[in-house]
Amino acid sequence: MLAIVLGTRPEIIKMSPIIRSCQKKGVDFFVLHTGQHYSYEMDRVFFDELGLPAPEFNLDVGSKSHAEQTGQIMTGIEKILAQEKPEVVLVQGDTNTVLAGTLAASKTYIRKGSSQPIDVGHVEAGLRSFDRSMPEEVNRIVADHLSRYLFAPTKTAQEHLQHEGIPDEKIFVTGNTVVDAVKENLALSKKKADTVKDLGLSKDRYFLVTLHRQENVDNKKRLKEILESLTQIHETTGMPLVFPIHPRTEKMIASFSLKLKGFQMIKPLGFLEFLQLESQARLALTDSGGVQEEACILNVPCVTIRDSTERPETVDVGANIIAGVEPSAIVNATEKMLARSRMWENPFGDGKAGDRIVSIINPK
Ligand code: UD1
Ligand code: UDP
């Protein structure tokens, strides 16, 4: 039995190819949702749009401080693992859900008298920003060092794991399941209502903005300067900044009483609508991990508003610039990316990562 643990928007999207593969191959599995994300547009919309089965368990943990959230998820998961006795727990990415799922499974012994805990499989293993001030970096390091199966999306990720002393037999280079998710859903998304037109936009005539990193949006000065630099880009290009706003960012903009100019603010979109918006944008300005990858896959130039990335492959192929967070640097990076040719290779694999991962865990 396989337990698929997930809790946030990107985990639902990137686990979806694995869930579909389990269904196709007749693998015995259940989905455990931690409830880290819970608003309809951060959670349910993805199950509905992607046709995923409702989770068998939902811990409804909600928003908390890091320690409270991680602790409550661990307590909830431990009980379910003891009851359901899966052989493998699969986690994806770098959230508190991943940290808690990994820790709980690594200390749960389902076979009587056995000193062997439940095996953890980490999907998207080996990513490193080398910035431990990011909660995500802490979470992914712990998950990697406790996992039995490390599903590295790229060779770079594999090398990070090797350098940290993780034995080769635990590491599998599979590609990133985000490619599967984009390929499986892009065609489907084109059959839906035309989101770009409905928003009064036209292809290549707008910028896509997403922001939600703790270090960017919880800091008033930083957030204000980032938003002002984006307004400057709007004023020089005349193109709107379309901003599906993450609830964390919406809350912080309101609490800092910031005024925005040049933005077309919208609610977070479902994946099918977001794929349309993303694939037709002239350029993405973002601090998201998934958006850096998807923009690269969709041949959309990207400017990353952060000091580091754990997705250096996007920079190496010419699809992305890590601008930092200084306003002039964001403006300069945007000018550079607008001038660059949009031809590059997708470094994240062939779109069969989900099948590969399921075959490795369950070789029958
Ligand atoms: C979390 C992950 C981050 C990931 C992101 C994906 C951690 C430490 N962070 O960040 O790595 O990139 O998810 O989006 O695990 N909120 C809602 N509704 C929701 C969820 C959140 O209103 O459904 C609001 C709450 O005010 C909450 C805030 O957003 O306090 C932050 O949520 P949280 O899950 O703590 O972190 P994210 O910023 O979403
Ligand atoms: N996404 C979405 N709707 C939106 C914004 C993002 O479906 O309004 C998807 C996006 O396509 C990507 C994922 O959410 O697959 C990225 O999630 P997020 O930026 O929240 O987290 P990160 O990838 O940084 O962990």
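Order of listing sets the numbers, starting from 1, for every ligand and every atom in it.
- Taking the side chain as every heavy atom from C-beta outward, L208 and L241 never approach each other to under 4.5 Å.
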May I have a table of the N/O to N/O pairs between ligand 2 and the protein that fall below 3.5 Å, each row giving the two atom names and the distance to 0.1 Å?
from, atom 1, to, atom 2, distance (Å)
ligand 2, 3 (N), L269, O, 2.7
ligand 2, 7 (O), L269, O, 3.4
ligand 2, 8 (O), L269, N, 2.8
ligand 2, 11 (O), E294, OE1, 2.6
ligand 2, 11 (O), E294, OE2, 3.2
ligand 2, 14 (O), R9, NE, 3.4
ligand 2, 15 (O), E294, OE2, 2.5
ligand 2, 19 (O), S288, OG, 2.7
ligand 2, 20 (O), R9, NE, 3.1
ligand 2, 20 (O), R9, NH2, 2.8
ligand 2, 23 (O), S288, OG, 3.4
ligand 2, 23 (O), G290, N, 2.7
ligand 2, 24 (O), H212, NE2, 3.4
ligand 2, 24 (O), R213, NH2, 2.5
ligand 2, 24 (O), S288, OG, 3.3
ligand 2, 24 (O), G289, N, 2.8

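- The CD atom of E124 sits 9.5 Å away from the CD1 atom of I357 when rounded to the nearest 0.5 Å.
- Judged by distance alone, with hydrogens and angles left aside, the side-chain atoms of R140 form no donor-acceptor pair with the main-chain N or O of R128 at under 3.5 Å.
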Quick one: do T210 and T286 satisfy side chain to side chain donor-acceptor pair (under 3.5 Å)? Show the steps, please. CA-CA 5 Å; T210 84; T286 190; 2.6 Å; yes

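- Open room surrounds CZ on R205; 12 or fewer heavy atoms of other groups in view lie less than 6.0 Å from it.
- No more than 12 heavy atoms of other residues, nucleotides or ligands shown are found within 6.0 angstrom of NZ on K352.
- Heavy atoms from other residues, nucleotides or ligands lying under 6.0 Å from NZ of K107 number 12 at most.
- Residue K261 forms a side chain to side chain donor-acceptor pair (under 3.5 Å) with just one option from E228, H234, Q232, E235, and that option is E235.
- At a 4.0 Å heavy-atom cut-off, the residues surrounding ligand 1 are T8, P10, Q36, H37, Y38, S39, M42, S63, H66, D94, T95, N96, E136, H212, R213, H246, P247, R248, K251, listed by chain and number.
- For the atom pair CD1 (I361) and NZ (K25), the distance works out to 10.5 Å, reported to the nearest 0.5 Å.
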